[in-house]
2 protein chains.
Amino acid sequence: MATARRERYRKQTREEAKAVALAQLSESGTAGISVNAIAKAMGMTGPALYRYFASRDELLTELITDTYRDLAETLAQAVADAAPADRFRALARALRDWAKRQPDRYLLIYGTPVPGYHAPPETTEIAASLMRTIFDACATVGEAVEADGGGVDGGRQQPLTELEAELARHLEGAGPWGPGEEPGGEVKGRALRTWTRLHGVISLDVQGQFTGMGFDPSVLFEAEIDALVRGG
Amino acid sequence: MATARRERYRKQTREEAKAVALAQLSESGTAGISVNAIAKAMGMTGPALYRYFASRDELLTELITDTYRDLAETLAQAVADAAPADRFRALARALRDWAKRQPDRYLLIYGTPVPGYHAPPETTEIAASLMRTIFDACATVGEAVEADGGGVDGGRQQPLTELEAELARHLEGAGPWGPGEEPGGEVKGRALRTWTRLHGVISLDVQGQFTGMGFDPSVLFEAEIDALVRGG
DNA sequence: TCGCTATGGTGAGAACTTCTAACCAAACAA
DNA sequence: TTGTTTGGTTAGAAGTTCTCACCATAGCGA
């Protein structure tokens with residue numbers, strides 16, 4: 001039981017390996033992560049690392065789940081720190097800031113799936129938790145319109161009946177809502193479409209598709225936020 | 001001059017190699033494309049293919065430019081076939097259909113950038129041409145509102161001044177408009193934001209981020225189209 | 001303190017990868 | 001017929017992931 005030192009050491013070198021892997025990731029992308037190179041950078045030979053990670057894929061998985069957790073915490077924190085009325089704005093900005101700070105990590109979870117990689121069930125759980133945070137904040141979008149805008153029926157102008165009907169039926173487990181407090185298709189649709197819009201500009205930005213166009217992507221993002229909170 | 005047979009043969013085997021590469025792409029992703037494996041599948045040894053492609057990167061570049069061209073043609077055709085009022089709807093649906101039919105090719109140009117790959121200037125030209133087609137159709141979005149909607153000032157409800165000011169200054173070369181016929185920031189903003197919204201749902205769909213949520217992504221896409229043409 | 005075991009490291013090597021070099025045969029041109 | 005260009009081969013260098021056999025050492029109980 002007093003072998004805590006060993007476990008501590010083990011965890012420590014695993015963390016160091018992942019840190020080096022992250023550095024490689026931002027330099028040469030997903031494919032640039034090399035077990036051999038990581039080991040060499042840590043001052044040991046290649047096969048030694050296989051005492052800590054069964055395979056390159058396991059290391060990748062660890063990187064991905066860590067990223068999910070980090071992003072989820074960051075967003076939850078941002079939401080918690082914001083005034084209730086600004087929750088969505090805070091989440092949106094926190095999401096983009098995080099993505100811009102570490103583009104490769106954003107692409108690690110929301111980008112092109114890694115070649116032969118299949119996410120273990122453990123990963124999807126963490127992913128769902130992250131989605132819960134995002135959906136929760138996105139669902140509040142447009143509620144501001146209800147407050148100062150129209151009458152009883154709130155900010156609803158045009159019914160998105162098809163989508164809402166579809167979502168009312170499905171999106172059960174994946175949604176952020178526990179059993180019983182599940183909202184109608186309207187809220188679900190708002191959350192879903194808000195998320196896709198945020199991802200649209202963030203992903204294009206992070207992938208560098210805006211470079212050369214000469215405008216400031218953050219202005220575009222702010223405009224999209226404004227349009228979203230106005231219910232547009 | 002009568003060496004046409006040789007050139008024809010050369011072009012033919014290049015096409016065959018690219019076809020095999022595309023098959024590998026859809027099976028195992030970008031990293032799964034192996035020069036050796038392609039050659040073997042074509043009935044020759046690995047190094048032989050280096051007579052046709054200087055490197056793996058050159059093959060990838062060819063794949064990418066081909067994809068740009070293919071998508072550009074597809075979209076241009078769809079737009080040309082549609083009635084003027086339906087141009088945007090036609091483009092949006094053609095874009096999604098194409099992406100769903102060959103997800104890996106969509107990700108090849110709009111997904112996570114390939115590891116060590118740097119696009120040659122030739123590529124960016126073709127990409128710009130594609131953007132021209134997309135922006136052209138996206139810029140028409142909301143014009144329908146002007147027709148049956150409001151008065152002289154059209155479908156403009158809230159001014160996105162910041163973004164429009166930014167775009168009025170920049171987005172010169174990248175825009176789809178020739179010198180002289182360049183529109184104001186308003187149209188530019190509409191096109192840009194429309195594009196990012198289309199990409200948002202298409203990319204998440206193509207990357208499989210909707211799987212497990214239980215709803216039909218095409219319904220979401222149609223809802224997004226509806227929202228867009230209504231100026232929302 | 002002695003010895004055992006689990007752990008962490010090593011080098012060798014198999015099976016892949018891209019890509020170069022040397023060589024050979026066949027097709028085309030003069 | 002002779003010469004050159006082109007397309008193919010095998011060999012091999014340098015890299016990758018990952019397995020295996022071996023060895024040293026850290027921490028444990030007796």
Side-chain angles (χ1 to χ4, degrees), chain A residues 1-25 27-64 113-118 120, chain B residues 1-25 27-64 113-118 120:
Chain A
M1 46 182 77
T3 333
R5 285 190 51 186
R6 282 203 158 170
E7 288 186 16
R8 214 167 52 210
Y9 175 62
R10 189 173 173 78
K11 188 166 275 182
Q12 182 181 318
T13 77
R14 275 174 71 99
E15 289 305 318
E16 184 185 350
K18 288 194 281 182
V20 177
L22 270 189
Q24 289 191 353
L25 177 68
E27 280 177 13
S28 5
T30 315
I33 296 180
S34 155
V35 178
N36 255 1
I38 295 173
K40 210 162 287 180
M42 294 172 65
M44 52 183 175
T45 62
L49 252 191
Y50 283 85
R51 300 278 182 197
Y52 299 91
F53 297 94
S55 66
R56 204 190 92 121
D57 261 30
E58 186 183 304
L59 201 163
L60 267 187
T61 299
E62 202 95 351
L63 247 46
I64 292 176
V114 179
Y117 177 79
H118 279 296
Chain B
M1 47 182 77
T3 334
R5 284 190 51 187
R6 282 200 158 174
E7 288 186 15
R8 215 167 52 208
Y9 175 63
R10 190 174 173 79
K11 187 165 276 182
Q12 182 181 318
T13 78
R14 275 174 72 98
E15 290 304 318
E16 184 184 350
K18 289 193 282 183
V20 177
L22 270 189
Q24 289 191 351
L25 178 67
E27 280 177 13
S28 4
T30 316
I33 296 180
S34 155
V35 178
N36 255 1
I38 295 174
K40 211 162 287 180
M42 294 172 66
M44 53 183 174
T45 62
L49 252 191
Y50 284 85
R51 300 281 181 194
Y52 299 91
F53 298 93
S55 67
R56 203 191 93 121
D57 261 29
E58 187 183 303
L59 201 164
L60 266 188
T61 299
E62 202 95 353
L63 246 47
I64 292 176
V114 179
Y117 176 79
H118 280 294

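Quick caveat: nothing in here was measured; it's all calculated off a predicted structure. Lettering of chains follows the sequences in order, A, B, ..., and the numbering in each one begins at 1.
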> Nearest-Å distance, CD (B/Q12) to P (D/dG7)?
Replying inline: 12 Å
> So, are A/E7 and A/R10 salt-bridged, with charged N and O less than 4.0 Å apart?
Replying inline: no
>> Let me confirm one number: the CD1-CZ distance from B/I38 to B/F53, rounded to the nearest 0.5 Å.
In response: 8.0 Å
>> Using whole Å, what does the distance between atom P of nucleotide D/dA26 and atom CZ of A/R10 come to?
In response: 17 Å
> Excluding sequence neighbours, so at least two apart, what forms side chain to side chain contact (heavy atoms under 4.5 Å, CB included) with B/A37?
Replying inline: B/Q24, B/S34
> Can you name the nearest heavy-atom pair linking B/G46 to B/N36, along with the distance?
Replying inline: CA-OD1, 3.1 Å
> Taking DNA chain D as the partner, which of residues 34-44 of chain A come within under 4.0 angstrom of it by heavy atom?
Replying inline: A/S34, A/V35, A/N36
Using a cutoff of under 3.5 Å, can you pull out all pairs of nitrogen or oxygen atoms linking the protein to nucleotides 20-27 of chain C, with atom names and distances?
from: C/dA27; atom 1: N3; to: B/R6; atom 2: NH2; distance (Å): 3.4

> About how many Å separate CD of A/E15 and OH of A/Y52, when rounded to the nearest 0.5 Å?
Replying inline: 13.0 Å
> How close do B/V35 and B/R56 get, heavy atom to heavy atom, and via which atoms?
Replying inline: CG2-CG, 3.6 Å
> Going from CG on B/L63 to NZ on B/K18, what distance comes out if it is rounded to the nearest 0.5 angstrom?
Replying inline: 7.5 Å
>> In this structure, how many angstroms lie between the P atom of D/dT17 and the CG atom of A/L59, rounded?
In response: 10 Å
> Atom CD1 of B/I33 to atom C1' of C/dC16: distance rounded to whole Å?
Replying inline: 17 Å
>> Can you measure A/D57 atom CG to D/dC18 atom P for me and round it to whole angstrom units?
In response: 7 Å
> What pairs with B/R14 under salt bridge (Lys or Arg N to Asp or Glu O under 4.0 Å), at least two apart in sequence or on another chain?
Replying inline: B/E58, B/E62
>> Restricting to non-hydrogen atoms, name the atom on A/S55 and the atom on A/Y50 that form the minimum distance, rounded to 0.1 Å.
In response: CA-CE2, 4.2 Å
>> Which residues pass the salt bridge (Lys or Arg N to Asp or Glu O under 4.0 Å) test with A/E16, not counting sequence neighbours?
In response: none
> Whole-Å distance between D/dT19 P and A/F53 CZ?
Replying inline: 15 Å
> Shortest non-hydrogen contact from B/T45 to B/A39?
Replying inline: O-CB, 3.3 Å
> Which of residues 13-24 of chain B have a heavy atom under 4.0 Å from DNA chain C?
Replying inline: none
> B/E58 CD to C/dC19 P: how many Å, rounded?
Replying inline: 10 Å
> When the distance from CD of A/E7 to P of C/dT7 is rounded to whole Å, what number comes out?
Replying inline: 10 Å
